[in-house]
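Encoded as structure tokens, the structure appears first; notes follow it.
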Amino acid sequence: GAGVSQSPSNKVTEKGKDVELRCDPISGHTALYWYRQSLGQGLEFLIYFQGNSAPDKSGLPSDRFSAERTGGSVSTLTIQRTQQEDSAVYLCASSLSSGARGTEAFFGQGTRLTVV
Amino acid sequence: GNSVTQMEGPVTLSEEAFLTINCTYTATGYPSLFWYVQYPGEGLQLLLKATKADDKGSNKGFEATYRKETTSFHLEKGSVQVSDSAVYFCALISNTGFQKLVFGTGTRLLVSP
């Protein structure tokens, strides 16, 4: 596609349920990032992928959070047993590669997750 | 590790005022530096970038110069408009190996007529 696509755009879930958030990066982009943004806050890094591997998972808040990437393309962020503090906008970004000079990251519109 | 520090907001200005948003960084090697902008209700988009020392990135009247001696990448605009009201994020990515994109905490700019 023309840009980074995230789905769903909005998700309301009950506390304790599991949710899956999907990111379709720009075709050919090998690096993929997940961030989350709570209301009025900055960007909190969660995880990044280079190809299908995740060199840095340091930002995942707890073991309820996991992410995978298959075929070097689509990525899924899974949150198990959601809690109210998980409510945020989850942003995905992709770039041609990480570390290359001047590589720009393109962001999706985000998934707004609300846990009630 | 790599990090970015930017001034806290909000920054409140009148239209046509001069804008500076400070950004300093800590990184190994020679990172690439970026400013991203998030307009109300919209996603993040790249505003400008610089890839080596003394480079100047510019777009939409905004400028930032890559200063290696002071490890800074301050964002400036000579005359802000109401439509510039947004949150601005400074970011870097190292060019040594595979590194994640590191963001500052963001600075909210509010421009009044």
Side-chain angles (χ1 to χ4, degrees), chain A residues 2-7 9-10 23 25-26 29-60 67 69 72 89-112, chain B residues 1-10 21 23 27-53 55-57 59 64 66 73 86-108 110:
Chain A
V4 178
S5 178
Q6 292 187 245
S7 61
S9 54
N10 278 285
C23 173
I26 294 172
H29 280 194
T30 59
L32 186 148
Y33 306 86
W34 283 100
Y35 293 85
R36 75 176 175 182
Q37 187 174 32
S38 301
L39 187 63
Q41 302 298 308
L43 292 168
E44 178 185 3
F45 168 77
L46 298 178
I47 186 171
Y48 104 94
F49 290 90
Q50 182 61 38
N52 290 336
S53 64
D56 192 335
K57 305 178 183 180
S58 63
L60 294 176
R69 189 178 185 195
V89 176
Y90 289 81
L91 296 170
C92 176
S94 72
S95 66
L96 276 172
S97 67
S98 64
R101 188 164 293 285
T103 301
E104 173 187 349
F106 294 83
F107 280 80
Q109 291 297 308
T111 294
R112 181 177 298 279
Chain B
N2 298 337
S3 66
V4 174
T5 302
Q6 59 183 110
M7 61 191 291
E8 289 194 24
I21 299 178
C23 171
T28 54
Y30 297 87
S32 294
L33 303 173
F34 307 87
W35 277 100
Y36 280 81
V37 60
Q38 187 175 34
Y39 297 104
E42 298 186 15
L44 269 83
Q45 55 188 279
L46 181 69
L47 179 61
L48 53 84
K49 67 179 182 182
T51 61
K52 60 183 187 296
D55 265 3
K56 178 185 285 187
N59 187 25
Y66 189 143
F73 193 55
V87 181
Y88 293 81
F89 293 91
C90 186
L92 70 79
I93 189 165
S94 172
N95 68 335
T96 56
F98 294 117
Q99 302 286 335
K100 65 176 180 271
L101 185 62
V102 177
F103 282 87
T105 53
T107 302
R108 182 176 299 277
L110 300 170

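All values below were derived from every heavy atom in this structure, side-chain atoms included, with hydrogens, water molecules and symmetry-related copies excluded. Naming: A, B, ... by sequence-line order, numbering from 1 per chain. As the structure is a prediction and not an experimental result, all values here were calculated from the model.
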Test item: V4(A) and C23(A) side chains (from C-beta on) under 4.5 Å apart, heavy atoms: yes
Flag side-chain contact, heavy atom, 4.5 Å: Y66(B) against P31(B): yes
Choice from T105(B), V102(B), L44(B), T107(B) maximising heavy atom contacts with chain A below 4.5 Å: L44(B)
Mutual orientation of the aromatic rings belonging to F73(B) and W35(B) [parallel < 30°, tilted 30-60°, perpendicular > 60°]: parallel
Q38(B), part contacting chain A, at a heavy-atom distance under 4.5 Å: side chain
Intermediate values then yes/no, side chain to side chain contact (heavy atoms under 4.5 Å, CB included), V4(B) and F89(B): CA-CA 10 Å; V4(B) 174; F89(B) 293 91; over 6 Å; no
Chi angles and distances behind the side chain to side chain contact (heavy atoms under 4.5 Å, CB included) call for F45(A), S58(A): CA-CA 8 Å; F45(A) 168 77; S58(A) 63; 3.9 Å; yes
Per-residue contact mode, Q37(A) against chain B (heavy atom under 4.5 angstrom): side chain
Side chain / backbone / both / neither for S53(A) at chain B, heavy atoms under 4.5 Å: neither
Contacting region of L91(A) [heavy-atom separation from chain B under 4.5 Å]: side chain
